[in-house]
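The structure under discussion appears below in the form of structure tokens.
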Amino acid sequence: MERSLSMELVRVTEAAAVAASHWMGRGLKNEADDAATTAMRTVFDTIPMQGVVVIGEGEMDEAPMLYIGEELGTGTGPFVDVAVDPLEGTNIVASGGWNALAVLAIADKGNLLNAPDMYMDKIAVGPECVGKIDINASVTDNLNAVAKAKNMKLNEITATVLNRERHADIIAEIRAAGARIKLINDGDVAGAINTAFEGTGVDILFGLGGAPEGVIAAVGLKCLGGEIQGKLIPMNDAERERCIKMGIDVDKVLYMDDLVKGDDAIFAATGVTDGELLRGVQFTGGHSKTHSLVMRSKSGTIRFVEGRHSMDKKPHLVMKD
């Protein structure tokens, strides 16, 4: 992939974030998601690549969502797999909460797992803890392993978990072990990525979330030198059958190279609302300000990008009253 593609992709997440941010706190999650998707598709079609969506928001008959199999880009340039979540945290935006992102990931064609839309059990950590975690081990064992790897006391370790009833046992075990917990209401891509940045105060992520989001997080953590492990959790026979048809062994632990192969992948995200890692979109008299993260695994480059956008010159991102 061309080096310049990294910065081109930031334009995509910036557009999606600005479009979605108009809906912050208005209680209309579908409208926010639709705005992000439309903006993302519009800018994607100016990017010099031959992309195919392998992780999107549905099948073709569910348009206008970015659907699996949709072709993106100008039709010139590298052939790439595309994983997108135009708005990770629709409920977050609807309520004006924390850590909503516009996010995408790409890799060379055939290198991203075409994950079915179902639950994935996940455990994620930053670079210091690579090779120290085991999704088949207990929560307590993994907490102890992270504490040892980071030369910290167990009561100094912070685990992040989606605040869901299904995670009651995980939460209880973390508390019993004496570690700290940061519960998040949505957004486990951000939760996973935050484990690799010291300033976020998060050391490990546990729990069930979306499988597609697991692949996107894997690209981000690959760029950061971190690690994620996952296990697909079919909730019924239909989901299990879908995995079989896709050639995926539901009993297999999915490691980094199962989720994203090769040494070249790009992750880009722009904050829609404020979070530990990225600031949300701000409007200042005819302009919007964005804060983005873009990373490439091949070079190990991590960039934070601040953008200032003239809304008069980007009418497709201006909300119609």
Worksheet item: Does the Asp203 side chain pair with the main chain of Thr158, one donor and one acceptor, at a distance under 3.5 Å?
Response: yes

Worksheet item: Between Ala177 and Leu143, what is the shortest heavy-atom contact and its length?
Response: CB-CD1, 3.9 Å

Worksheet item: Going by heavy atoms in the side chains, are Ile302 and Leu224 under 4.5 Å from each other?
Response: yes

Worksheet item: Is the number of heavy atoms from other residues, nucleotides or ligands under 6.0 Å of Asn155 CG greater than 12?
Response: yes

Item to complete: Calculate, to the nearest 0.5 Å, the distance between atoms CZ and CD1 belonging to Arg242 and Ile244 respectively.
Response: 13.0 Å

Discussion item. I'd like to know if the side chain of Asp33 and the backbone of Thr90 have a donor-acceptor N/O pair within less than 3.5 Å.
Written reply: no

Discussion item. Distance check, rounded to the nearest 0.5 Å: Ile266 atom CD1 versus Ile106 atom CD1?
Written reply: 4.0 Å

Worksheet, complete the sentence: Sorted by chain and residue number, the side-chain contact (heavy atoms from CB on, under 4.5 Å) partners of Ala36 (sequence neighbours excluded) come out as Ala16, Ala20, Pro86, Leu87

Worksheet item: Apart from Leu208 itself, what residues make up its hydrophobic cluster when side-chain heavy atoms of I, L, V, M, F, W and Y under 4.5 Å apart count as a link, directly or indirectly?
Response: Tyr119, Ile233, Met235

Discussion item. Within the 4.5 Å heavy-atom criterion, are Thr195 and Leu221 side-chain neighbours or not?
Written reply: yes

Discussion item. Do the side chains of Arg26 and Glu31 get close enough for a salt bridge, i.e. N-O under 4.0 angstrom?
Written reply: no

Practice prompt. Would you list the pairs meeting side chain to side chain donor-acceptor pair (under 3.5 Å) in which at least one residue belongs to residues 95-117, sequence neighbours left out?
Written response: Trp98-Glu276, Asn99-Glu276

Worksheet item: Has Lys150 got more than 12 heavy atoms of other residues, nucleotides or ligands less than 6.0 Å from its NZ?
Response: yes

Worksheet item: So with a 6.0 Å cut-off around CE of Met24, is the heavy-atom count from everything else above 12?
Response: no

Discussion item. Can a donor-acceptor pair be found, under 3.5 Å and without considering hydrogens, that links the side chain of Ser297 to the backbone of Ala265?
Written reply: yes

Practice prompt. Rounded to the nearest 0.5 Å, what's the gap from CG on Leu66 to CD1 on Ile55? Could you check?
Written response: 13.0 Å

Worksheet entry | Sidechain-backbone polar pair: Asn194 side chain, Gly191 backbone, donor-acceptor under 3.5 Å | no

Worksheet item: Would you call Leu113 and Leu254 a side-chain contact if the rule is heavy atoms closer than 4.5 Å?
Response: yes

Discussion item. Around atom CD of Glu71, are there more than 12 heavy atoms from other residues, nucleotides or ligands closer than 6.0 Å?
Written reply: no

Worksheet item: Run the side-chain contact (heavy atoms from CB on, under 4.5 Å) check on Val146 and Val125 step by step: do they pass?
Response: CA-CA 8 Å; Val146 168; Val125 291; 4.0 Å; yes

Could you give the side-chain donor-acceptor pairs of residues 225-232 under 3.5 Å, partners two or more places apart or in another chain?
from, atom 1, to, atom 2, distance (Å)
Glu227, OE1, Gly131, N, 2.8
Glu227, OE2, Gln229, NE2, 2.9
Gln229, OE1, Ile135, N, 2.9
Gln229, NE2, Ile133, O, 3.2
Lys231, NZ, Asn136, OD1, 3.0

Worksheet item: Side chains of Asn185 and Ile92: does their closest heavy-atom pair fall under 4.5 Å?
Response: no

Worksheet entry | Nearest heavy-atom neighbours spanning Gly73 and Asp45 | N-OD1, 3.7 Å

Worksheet item: Going by heavy atoms in the side chains, are Pro116 and Met246 under 4.5 Å from each other?
Response: yes

Discussion item. For a side-chain contact (heavy atoms from CB on, under 4.5 Å) check, start with the C-alpha distance between Ile47 and Leu72, then their side-chain angles and the critical distance, and finish with the verdict.
Written reply: CA-CA 8 Å; Ile47 305 301; Leu72 299 172; over 6 Å; no

Practice prompt. Please check if atom CG in Asp237 has more than 12 non-hydrogen atoms from other residues, nucleotides or ligands closer than 6.0 Å.
Written response: no

Worksheet item: Any side-chain heavy-atom pair from Met40 and Val84 closer than 4.5 angstrom?
Response: yes

Item to complete: Output yes when a side-chain donor or acceptor of Asn151 lies under 3.5 Å from a complementary backbone atom of Ala147, and no otherwise.
Response: no

Worksheet entry | salt bridge (Lys or Arg N to Asp or Glu O under 4.0 Å) contacts touching residues 151-171 (sequence neighbours left out) | Arg164-Asp186

Practice prompt. Applying salt bridge (charged side-chain N to carboxylate O under 4.0 Å, His left out), name anything that partners Asp257, two or more places apart in sequence or on another chain.
Written response: Lys222

Discussion item. Any side-chain to backbone donor/acceptor pair from Thr273 onto Gly280? Under 3.5 Å, distance only.
Written reply: no

Worksheet entry | Intermediate values then yes/no, side-chain contact (heavy atoms from CB on, under 4.5 Å), Phe206 and Ile174 | CA-CA 10 Å; Phe206 290 106; Ile174 295 170; 4.0 Å; yes

Practice prompt. Work out which heavy atom in Ala100 is nearest to a heavy atom in Gly89; give both atom names and the distance.
Written response: CB-O, 4.0 Å

Worksheet item: At what distance, to the nearest 0.5 angstrom, does CG of Leu277 lie from CZ of Phe304?
Response: 4.5 Å

Worksheet entry | Side chains of Leu278 and Leu101 in contact at under 4.5 Å (non-hydrogen atoms) | yes

Worksheet entry | Minimum-distance pair of heavy atoms, taken over all atoms of Val215 and Ala115 | CG2-CB, 3.7 Å

Worksheet item: Is it true that atom NZ of Lys261 has more than 12 heavy atoms of other residues, nucleotides or ligands lying nearer than 6.0 Å?
Response: no

Response to the item:
Separation between CD1 (Ile157) and SG (Cys129), nearest 0.5 Å, reads 7.0 Å

Worksheet item: side-chain contact (heavy atoms from CB on, under 4.5 Å) with Asp188: which residues, sequence neighbours excluded?
Response: Glu88, Lys122, Leu162, Leu205, Glu213

Worksheet, complete the sentence: Sorted by chain and residue number, the side-chain contact (heavy atoms from CB on, under 4.5 Å) partners of Phe283 (sequence neighbours excluded) come out as Val18, Ser21, His22, Val281, Ser288, Met311

Discussion item. For Thr290 and Ser292, which I'm curious about, is there any donor-acceptor pair between the side chains at under 3.5 Å?
Written reply: no

Response to the item:
Across all chains, not counting sequence neighbours, the side-chain contact (heavy atoms from CB on, under 4.5 Å) partners of Pro127 are Ala196

Item to complete: Could you tell me whether the side chain of Phe44 reaches within less than 4.5 Å of the side chain of Leu9, counting heavy atoms only?
Response: yes

Fill in: salt bridge (charged side-chain N to carboxylate O under 4.0 Å, His left out) partners for Arg303, two or more places apart
none

Worksheet item: Donor-acceptor pair, Asp81 side chain versus Leu112 backbone, under 3.5 Å?
Response: yes

Worksheet item: Looking only at atom types and distance, does a side-chain atom of Asn144 sit under 3.5 Å from a main-chain N or O of Thr140, one as donor and one as acceptor?
Response: yes

Worksheet entry | All side-chain hydrogen bond (donor to acceptor under 3.5 Å, both in side chains) counterparts of His291, not counting sequence neighbours | none

Item to complete: Step by step, work out the side-chain contact (heavy atoms from CB on, under 4.5 Å) result for Met49 and Thr74.
Response: CA-CA 6 Å; Met49 67 180 197; Thr74 61; over 6 Å; no

Item to complete: State whether the side chain of Glu70 and the backbone N or O of Tyr67 hold a donor-acceptor pair below 3.5 Å, judged by distance alone.
Response: yes

Worksheet item: Is Arg11 salt-bridged to Glu14, going by a charged N under 4.0 Å from an acidic O?
Response: no

Worksheet item: With sequence neighbours left out, what residues match Arg296 under salt bridge (charged side-chain N to carboxylate O under 4.0 Å, His left out)?
Response: Asp264

Worksheet item: Nearest 0.5 Å, what's the CD-CD distance between Glu241 and Glu239?
Response: 12.0 Å

